[in-house]
Amino acid sequence: MLYLLTQVSTFRFCNNTVHILLLRSLVTHRNARVSLILVLWGCILPKEVCAWWQDAREDSLLHQLEILDDEVTERVDVLNELSYYYARKSVENASNYATRALILANYLYYPSGIAKAHFNRAYIARNRYDYETAINNLYNGLAFIDDDKDQIALKARMVREIANVYATADNYAEADTFYAEALKLSELIGNDRDKASILHNRGLINFNQKDIETAEYFARQSLDIGKRIDNPHSIGIAYRLLGVIYGTGYKQPKDALGYLERAYTIFLDLGDKQSLTEVFYEMGRNYNALGNYTSADSVLVLAQSLADELNNPNGMLEVYKIYGDLEENLGDYKAALEYYKRSEVLEDSIKGFAQYWRIANQQTDIKTRELGDEIREKEAEQRKQNNILILVSVFALGLFVLLAYIYRINRQRTLANFKLKEKNDEIESYNVELSQKNEEIAAQADWLRDSNDQIKKQTDELSKLNRMKDRMLSVISHDFRSPLNSLRGALMLLNSQQLPPDQLQLVTDDINNKLNRTLNLVDNLLQWTRNQLMGVEVNRQALNIYDLTEETFNLLLPLAEGKRISLINQIAEDTVIDADLEMMKVVLRNLISNAIKFTLKGGEVRVESKYEDHYLSISVIDTGIGMPPDKVDRLFELGTDRSSLGTANEKGTGIGLLLCKEFIEKHGGHIHVVSIEEKGSTFTFSLPAQTTRSSQIKQELAS
């Protein structure tokens, strides 16, 4: 705690946390000393802790859930991720999302989604001490996992969770068996993070079995792997276990506190409240053992506050037990007895709580099975009805064809007999007339073929216009709405006049960037629509490509500076081409802004040129995230899927690239792309070098 107090000046004040903890201290503690400590605690909370309530991962998952269709496997994956995310924050939310994922996965028969939903339900049940439900869910989930290499990681997690359940239920022999199996699976796929977690858990069950030296061996192995892979959570849980081993096992509270303070720093940065609760009450236990009752009291207040906030009965139980020991050491036996009584009552309620959730889970399973049976019955009935309808349709069609054929044959036979009887003598004249009619029919057939070709051409044109209309409506309804909603929200913040000065510039910059992107989108839409509907004439003139590139860089500089991207112009200053000025502006602006969009922070975008085979080739090169080959092949096709999000979640429509392709081809040039995932992309367009670096063009530009 003394170390923490020295850091006051380096962190910002977190008002809500201070007010809550200060209020609790005034109600539940005997003197103002604790209140002062809690105020200092609030002062040193880093900004990452204050941002717990605005978790970006939660917002991202909820946004995905909102935009996904109701009956796709991707929705199952998002529901499962939300369940796992909430498992250590809100048990009710976690349980709700897991149940929804299981119902939808069963409906879609999505084995991987079913297995993950069972895993999440087992994890929640274990935290509620409902070990029977946890084991049942895990074995049910394993039934949907095959031996495919891609599913070995999920199988390893399921086996490890079975071991966790047995360990939590104090069945250490079974737990160790399943940990060993999970360790083999993790080594098979090279998953060092899971390996570190398994070694930590094996150390924990050895500690619970009083084998302290073996427990320390596994804890240090887990710590070494965590440091090697640079995984903060693995390092934090290893330090926490070493703190428990040295404090409770070796009875060396000073060394224990050293490990626990390291764990505290890591979990604070991660925002892991559950782990912080455990670290705080273990620190309280060791301060109590050292006789530092003031510090013990202070950290136990924090542990109690977090356990209460997380609705964590196990954490609250440990706090009560340690408080009982603390009050006993202080000589207040009455208060100690009161805490011991609270711990006994809470322990009994935990057992009842587990029984309640076991019954609730059983009822949920029954409802889930009933819903699955109902869905399967409806699908079977629908298939039966569809089959009957198909059979009836086929029979009716066959009968109609047969009757038509019989009618046609009879009619032809009657006419033939009549002609044979009445007009035998006119056969020759009829043959001549028939020949003439055949010629007329041939002429009509030719006319029909020409008409059909014209109709097909018009149909193709209408289809193209319809696709363009649908594409434009999609862009207007989605890609305009999202940035305009963001701009409206930002303007509402500005109008509220409640933004601190340090955030006002950030909001202003964000509004400017969104306006620039939206204006660029509008410009692309207008240019492309005009090109599609009316066509665009190429107005050629002498253009200095170096100057035009510099002008485009200046226009897009705010976007690049926002991501710390370097813009490099390597075109020779006297490079000149005969082309349309406005079209070249559109091409350069779209290619360079696209490169900025898919380049990570700290990267670079470079423009260079070279002459080859009577063409001037201009390349826009970025060090971004690149694209897979299948996406490169479909990049310039109309009607393909919406373009990807940029590295800072920038949105686009794909129309800009189509516009570039059309404008380059109007100049008699071509454009192509070379892209490597995780390396970057190079967009190169080539134009006929009809006019190059002549003094005549330089004079024209100067005038």
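- The pair Arg75-Asp69 does not count as a salt bridge, with every side-chain nitrogen at least 4.0 angstrom from each carboxylate oxygen.
- Interatomic distance, Tyr239 OH to Leu223 CG, rounded to the nearest 0.5 Å: 5.0 Å.
- The distance from atom OH of Tyr109 to atom CD1 of Ile114, rounded to the nearest 0.5 Å, is 6.5 Å.
- No side-chain heavy atom of Leu302 sits less than 4.5 Å from a side-chain heavy atom of Thr277.
- Between the side chain of Asn96 and the main chain of Glu92, no donor-acceptor pair closer than 3.5 Å is present.
- The two residues Gly113 and Ala105 have their closest heavy-atom pair at C-CB, 3.8 Å.
- Counting only residues at least two apart or on different chains, no salt bridge (charged side-chain N to carboxylate O under 4.0 Å, His left out) pair has a member in residues 246-255.
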- request: Start with the C-alpha gap between Phe280 and Leu300, add the side-chain angles, then the distance that decides, and say whether side-chain contact (heavy atoms from CB on, under 4.5 Å) holds.
  value: CA-CA 6 Å; Phe280 282 144; Leu300 287 174; over 6 Å; no
message: Go through it in stages, so that I can follow the logic: the residues are Leu257 and Leu290, the test is side-chain contact (heavy atoms from CB on, under 4.5 Å), and I'd like the CA-CA distance, side-chain angles, deciding distance and then a yes or no.
response: CA-CA 10 Å; Leu257 284 169; Leu290 288 171; 3.5 Å; yes
- prompt: Can you list the steps and then say if Phe267 with His233 is a side-chain contact (heavy atoms from CB on, under 4.5 Å)?
  reply: CA-CA 7 Å; Phe267 291 135; His233 185 264; 4.2 Å; yes
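- Annotation: the span from Asp192 atom CG to Glu187 atom CD amounts to 9.0 Å, rounded to 0.5 Å.
- Inspection of the Asn137 and Tyr123 side chains reveals no N or O donor paired with an N or O acceptor under 3.5 Å.
- No donor-acceptor contact under 3.5 angstrom links the side chains of Asp170 and Asn208, judged on distance only.
- Taking the six-membered ring where tryptophan is involved, the planes of Phe144 and His118 are essentially parallel, since the angle between them stays under 30° and well short of 60°.
- One finds a salt bridge joining Arg285 and Glu318 here, because a Lys/Arg side-chain nitrogen approaches an Asp/Glu carboxylate oxygen to under 4.0 Å.
- Within the 3.5 Å criterion, the main-chain N or O of Phe218 finds no donor-acceptor partner in the side chain of Ser222.
- The minimum heavy-atom distance between Ala94 and Ser83, with the atom names listed, is O-OG, 2.9 Å.
- Remark: the Ser295 side chain and the Asn292 side chain contain an N/O donor-acceptor pair separated by less than 3.5 Å.
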query: Would Asn329 and Glu327 satisfy side-chain contact (heavy atoms from CB on, under 4.5 Å), going step by step from the backbone distance to the final call?
result: CA-CA 5 Å; Asn329 289 338; Glu327 296 295 350; over 6 Å; no
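- Across Asn164, Leu241, Leu199, a single residue satisfies side chain to side chain contact (heavy atoms under 4.5 Å, CB included) together with Leu204, and that is Leu241.
- Taking a cutoff of 4.0 Å between a charged side-chain nitrogen and a carboxylate oxygen, Glu282 and Arg240 do not qualify as a salt bridge.
- Between the side chains of Tyr217 and Gln221, at least one donor-acceptor pair of N or O atoms lies under 3.5 Å.
- Scanning both residues, Ala134 and Arg126, for their nearest heavy atoms gives CB-N, 4.0 Å.
- What you find for Leu68 and Val78 is that their closest heavy atoms are CD1-CG2, 3.7 Å.
- Side-chain contact between Ile205 and Tyr179: present, with at least one pair of heavy atoms (C-beta onward) separated by less than 4.5 Å.
- Side chains of Tyr172 and Tyr166 form no contact here, defined as non-hydrogen atoms less than 4.5 Å apart.
- With contacts defined as side-chain heavy-atom distances shorter than 4.5 Å, the pair Tyr110/Val72 does not qualify.
- Using a 4.5 Å heavy-atom cutoff, the side chains of Val244 and Phe207 are in contact.
- Two residues are said to be in side-chain contact when any heavy atoms from C-beta on lie closer than 4.5 Å; Ile103 and Tyr107 fail this criterion.
- With Ile266 as reference, Pro232 is the one residue of Pro232, Ser275, Ser234 to meet the side chain to side chain contact (heavy atoms under 4.5 Å, CB included) rule.
- Side-chain atoms of Gln304 and Tyr281 include no donor-acceptor pair closer than 3.5 Å.
- Geometrically, Arg342 engages Tyr339 in a cation-pi contact defined by less than 6.0 Å to the ring centre and at most 45° from the axis.
- Put simply, OG on Ser60 and CD on Glu81 are 8.5 Å apart, with the number rounded to the nearest 0.5 Å.
- Under the 4.5 Å side-chain criterion, counting only non-hydrogen atoms from C-beta, Glu261 is in contact with Met283.
- Rounded to the nearest 0.5 Å, atoms CG (Leu62) and CG (Leu82) are 5.5 Å apart.
- Put simply, CD on Gln209 and OG1 on Thr214 are 9.5 Å apart, with the number rounded to the nearest 0.5 Å.
- Just one residue in the list Ile135, Thr133, Asn171 forms a side chain to side chain contact (heavy atoms under 4.5 Å, CB included) with Val165, and that residue is Ile135.
- Of all heavy-atom pairs between Ala122 and Leu138, the closest is CB-CG, 3.4 Å.
- Taking 4.0 Å as the cut-off between side-chain N and carboxylate O, Arg157 and Glu161 do not count as a salt-bridged pair.
- When Asn80, Asn120, Leu61, Leu65 are each tested for a side chain to side chain contact (heavy atoms under 4.5 Å, CB included) with Tyr97, only one passes: Leu65.
- The shortest distance between side-chain heavy atoms of Leu306 and Glu309 falls below 4.5 Å.
- Environment of OH in Tyr333: sparse, with no more than 12 heavy atoms of neighbouring residues, nucleotides or ligands closer than 6.0 Å.
- Heavy-atom minimum distance, Asn286 versus Gly247: OD1-CA, 3.2 Å.
- Tyr340 and Asp325 form a side-chain donor-acceptor contact under 3.5 Å, judged by distance and modelled atom types alone.
- Side-chain contact annotation: Tyr246 with Glu216, donor-acceptor N/O pair under 3.5 Å present.
- Without hydrogens or angle criteria, Asn106 side chain to Leu102 main chain gives a donor-acceptor distance under 3.5 Å.
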